[in-house]
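As a basis for the values below, the full set of heavy atoms in this structure was taken, side chains included, without hydrogen atoms, waters or symmetry mates. Numbered from 1 within each chain, the chains take letters A, B, ... in sequence-line order.
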Amino acid sequence: MTEYLEQSLRRVVSGLATSETPLPDDLELEFEQPKNPEHGDLSTNVAMKLARVLRRAPRAIAQDIVDGLQALPVDPLRIDSIDVAGAGFINFRFATGFLQKGLSGILAAGPAFGHSESGKGKRVLVEYVSANPTGPLTVGHGRNAVLGDTIANLFAACGYDVTREYYFNDAGRQMRVLGESVRARYLGFVDPDGETRLISSGETEIEVPASFPEDGYLGGYIVDIAQQLFEQHGDALAADDSVEPFQQAAQTAIFAEIDATLARLGIRMDEHFNERSLYESGKVWETVDRLREKGYVYDADGAVWFKTSELGKEKDTVLVKSTGEPTYRLPDIAYHVSKLERGFDLAVDVFGADHIATYPDVLEGVRILGFDPSRIDVVIYQFVTLVRGGQPVKMSTRKATYETLDDLMDEVGEDVTRFFFLMRSSNTHLEFDLDLAKEASEKNPVFYLQYAHARICAILRKAEEVGFVFDDTTDLSLLNHETESALIKVLLQLSDVIGGAAETREPHRVATYLREVAVAFNQFYQHCRIIGEEQGLATARMALARATRTVLANGLSVLGISAPERM
RNA sequence: GCCCUCGUAGCUCAGGGGAUAGAGCACCGGUUUCCUAAACCGGGUGCCGCAGGUUCGAAUCCUGCCGAGGGCACCA
């Protein structure tokens, strides 16, 4: 609709230009949905924008435009009325025929309704989760995972070829400490009377074997892994000093657990990219050499430095430590170059706010190496606070108070978990109210959406029971109740909402929109009966209910939330 | 000190140049012989953090200040 109006409007507006008052070349014709329904279905502010250029009163310009549009004329099957209002707005009201056509379009498209081809032929890589396998996923990882997964869904709905990638590093210090922690625990099983010591963990102290690393991992899962190794191998692993088998076992076990946690959320990654491969392929050192060729790298104090001070930062940044070991920035640059070299048109990263400082360096590196940094986009999300009884829940990584994503899902369920992570803009701090989340009632926004869907399914079941006949000759023009046309108008916005959410990487727009759909449906449901009305009207309303179910189901599907048929 | 994000109703948050600033929760009241009442309807005196600026028009953009969170390592 907006495309059609834009064409007509552009023709009329270009006729307003005179030699003394030419129109700006970059004049954008904007349409918006007025907040107040009395102002019509679409509105444009061109007349006000042109007032300065044309040196005329906005309302007079608006009137000329309206006259021009009506002289064209504008398709009466799509547009019912065009008015000048307020300071110079031009308001359009849709013809009912347009709404009926849109409604049949929803039913015809079915599960594909709301999807588009706008990203067809483009490949996008969405990198998310990317937690190193050192322990179970936390609530913070949960927001990352759900956000990234839904952004990937949004791209897929827009026709992009999407790859979901998990980046990890099993070669660093973290993983070595993990292996050492497991080994120490294992030795504790081999020699239960061996020496121990106490490590303080928050307010408590935990007893660990003497060989346990100072900054080792204290979680109970480490003990489980060690115990399993002991049961399988006895003391056979104790002879060797190598931590390798312990690290391997831990990594395998933890990855299995992470995959299981993600699977509960309906998340399946396409690729796992190991940072180590960037070393094995020589990409890391190649990146240093290429940056050096470009003149952005120098040696000092035994380390290799990146001249970030020439790129708007206060200080230069170390790429390779004097020990010869790279800092994480270097493989990060190599990794992002690899994303673009693999042929992705767009690479989206999902990062917690604590990583906010790292990516400008990566973008600069990528740019210097000759790639367009606008092909990399970073979504930053702020931290999550769990709230119970009005009090924040302490989430210590060391103390096992309330930290894992699995615990959260056990308490509130998978659908609620996903929805709560998605219902707020990612760049605001998220307050996760456990009391509200657990409440299986009207207060819980997830249930409100799911209930609307289930309710429609109930109507359709009932219709079948009473032997309702769906005939093909549905006369949608019978849908002229206020709540009916309001509902249709909302339903027709799904494509725009999904497209906009994909473009801005803002899944919460879909969540906000689905509530509007459910509200509009409930209002319709309240005023209009379906079963029991005369056949023609009942069939038309049934069509409207089915279209609503389609929109709710498709929207929830993008969010990765189930659309139950009964509740 | 510097950088990023945020500051909107009692609480949690939408809205991010446009017409009278919205929703949920909480609180008060009402609606069911009828397809799911997990619903619907009614009830709001908000310096849109503060002060300037840009604009025909600012909650929205710019600058400064105040407040909250996060980041500023040869840690990841």
Side-chain angles (χ1 to χ4, degrees), chain A residues 30 32 34-36 38-39 43-45 48-49 51-52 57-58 85-89 91 132 134 169 172-175 215 275 300-305 312-315 317-329 331-332 352-360 380-383 385 387 390 423-433 435-436 439-452 454-463 465-466 468 508-509 511-513 515-516 518-519 521-533 538 541-542 545 566-567:
Chain A
E30 294 168 295
E32 60 161 20
K35 278 181 263 182
N36 185 340
E38 283 171 27
H39 295 139
S43 171
T44 181
N45 60 358
M48 282 128 97
K49 281 191 148 177
R52 190 192 191 102
F89 293 99
N91 295 335
N132 278 341
T134 57
N169 176 22
R173 207 189 72 86
Q174 268 191 335
M175 292 302 289
D215 51 356
E275 180 182 321
D301 307 327
V304 179
W305 294 76
K313 293 220 335 182
E314 274 181 48
K315 288 183 285 188
T317 311
V318 172
L319 288 179
V320 184
K321 298 182 244 176
S322 52
T323 59
E325 225 178 335
T327 63
Y328 67 99
R329 257 164 241 260
D332 270 2
D354 53 340
H355 283 69
I356 204 158
T358 81
Y359 78 93
I380 298 284
Y381 62 92
Q382 304 291 323
F383 288 163
T385 315
V387 176
M423 69 186 197
R424 303 292 183 220
S425 154
S426 70
N427 53 18
T428 62
H429 183 97
L430 178 67
E431 191 154 309
F432 198 122
D433 186 334
D435 302 315
L436 178 62
E439 195 147 356
S441 78
E442 74 282 359
K443 294 173 198 164
N444 192 319
V446 195
F447 292 126
Y448 184 79
L449 305 184
Q450 293 182 321
Y451 180 71
R455 201 177 215 185
I456 295 169
C457 293
I459 297 170
L460 297 177
R461 275 196 303 273
K462 180 81 172 185
E465 275 172 34
V466 301
F468 190 89
H508 77 275
R509 291 185 182 208
T512 306
Y513 164 73
R515 163 160 270 280
E516 286 172 30
V519 167
F521 173 76
N522 280 325
Q523 284 168 342
F524 155 71
Y525 176 86
Q526 198 67 23
H527 290 93
C528 303
R529 280 200 61 78
I530 300 175
I531 298 162
E533 292 290 344
R541 286 184 175 165
M542 197 71 82
R566 300 169 194 275
M567 286 177 76

task: Calculate the interatomic distance between A/K462 atom NZ and B/U36 atom P; express it in whole Å.
output: 6 Å
query: Taking OP1 and OP2 of B/A37, is either one under 4.0 Å from a side-chain nitrogen or oxygen of A/Y525?
result: yes
- prompt: A/D332 and A/Y359: side-chain contact (heavy atoms from CB on, under 4.5 Å), yes or no, with the steps?
  reply: CA-CA 9 Å; A/D332 270 2; A/Y359 78 93; over 6 Å; no
message: As a test of reading the structure: which of B/U12, B/U55, B/A19 is closest to the side chain of A/P34, going by heavy atoms?
response: B/A19
- request: Would you indicate what A/H527 reaches in the nucleic acid, counting non-hydrogen atoms under 4.0 angstrom: base, sugar-phosphate, or nothing?
  value: nothing
task: Mind checking A/R566 for me? I need base, sugar-phosphate or nothing, with any heavy atom below 4.0 Å counting as a touch.
output: base
message: At less than 3.5 Å, do the side-chain atoms of A/D354 and the base atoms of B/G71 form a donor-acceptor pair?
response: no
message: Is A/Q523 close enough to B/C41 that one of its side-chain N or O atoms is under 4.0 Å from OP1 or OP2 there?
response: yes
- request: State whether A/K49 places a side-chain N or O below 4.0 Å from either non-bridging phosphate oxygen (OP1 or OP2) of B/C56.
  value: no
message: Give me the distance, rounded to whole Å, that separates B/C27 from B/U32 when you measure between the P atoms they each carry.
response: 23 Å
query: Base, sugar-phosphate, or nothing for A/A51, non-hydrogen atoms under 4.0 angstrom?
result: nothing
field: Between B/C75 (P) and A/E325 (CD): distance, integer Å
entry: 8 Å
task: Answer yes or no: is there a side-chain heavy-atom contact under 4.5 Å between A/R515 and A/M423?
output: no
message: Taking atom types as they are modelled, would you say the side chain of A/T358 forms a donor-acceptor pair with the base of B/A76 within the 3.5 Å cutoff?
response: no
Whole-Å gap separating C1' (B/U20) and NE2 (A/H39): 9 Å
message: Please classify the nucleic acid contact of A/D301 as base, sugar-phosphate, or nothing, using heavy-atom distances under 4.0 Å.
response: base
task: Check every strand shown and say whether A/N45 touches a base, only sugar-phosphate, or nothing at a heavy-atom separation below 4.0 Å.
output: base
- prompt: Looking only at atom C1', what distance separates B/U60 and B/C74, rounded to whole Å?
  reply: 44 Å
message: With a 3.5 Å cut-off and heavy atoms only, can you find an N or O donor on one side and an acceptor on the other between the side chain of A/Y451 and the base of B/A38?
response: no
field: For atom CD1 of A/I459 and atom C1' of B/A39, their distance in whole Å
entry: 12 Å
Nearest-nucleotide pick for A/M48, side chain only, options being B/C56, B/U36, B/A39: B/C56
task: Determine whether any donor atom in the side chain of A/S322 lies under 3.5 Å from an acceptor atom in the base of B/C74, or the reverse, and answer yes or no.
output: yes
- request: May I ask you to say what A/A303 touches in the nucleic acid, namely base, sugar-phosphate or nothing, with a heavy-atom cut-off under 4.0 Å?
  value: base
field: Identified side chain to side chain contact (heavy atoms under 4.5 Å, CB included) partner of A/T327 from the options A/V318, A/T317, A/V304
entry: A/V318
Find every protein N or O atom lying less than 3.5 Å from an N or O atom of nucleotides 3-7 of chain B, and list the pairs.
residue, atom, partner, partner atom, Å
B/U5, O2', A/N427, O, 2.6

Nearest-angstrom distance, P atom, B/U5 to B/C48: 23 Å
- prompt: Dot-bracket for RNA chain B, 5' to 3', with Watson-Crick and G-U pairs under 3.5 Å, [ ] for crossing pairs and | for other-strand pairs: what is it?
  reply: (((((((..((((....[...)))).(((((.......))))).....(((((..]....))))))))))))....
message: Would A/F89 count as stacking on B/A19 if stacking means ring centres less than 5.5 angstrom apart and planes tilted under 30 degrees?
response: yes
query: Among B/C56, B/G70, B/A76, which nucleotide sits nearest the side chain of A/R52?
result: B/C56
query: Can you tell me how far P in B/G71 sits from the matching atom in B/C28, rounded to whole Å?
result: 42 Å
message: So, under a plain 3.5 Å distance rule, would you say the side chain of A/N36 forms a donor-acceptor pair with the base of B/U20?
response: yes
message: Output the rounded distance in Å from CD (A/E431) to P (B/C11).
response: 11 Å
- request: Quote, to the nearest angstrom, the P distance that separates B/U54 from B/A58.
  value: 11 Å
message: So A/I459 and A/M542, do their side chains get closer than 4.5 Å, heavy atoms only?
response: yes
task: Could you check whether A/A454 gets within reach of a base, just the sugar-phosphate, or nothing at all, counting any heavy atom under 4.0 Å?
output: base
query: With a 3.5 Å cut-off and just heavy-atom distances, do the side chain of A/N91 and the base of B/A19 make a donor-acceptor pair?
result: yes
query: If you find the nucleotide of RNA chain B closest to A/V318 and the one closest to A/F383, which residue's nucleotide is nearer the 5' end?
result: A/F383
message: Between A/S425 and A/K35, which residue's closest nucleotide on RNA chain B lies nearer the 5′ terminus?
response: A/S425
task: Could you tell me whether the phosphate oxygens of B/C75, OP1 or OP2, come under 4.0 Å of any side-chain nitrogen or oxygen in A/K321?
output: yes
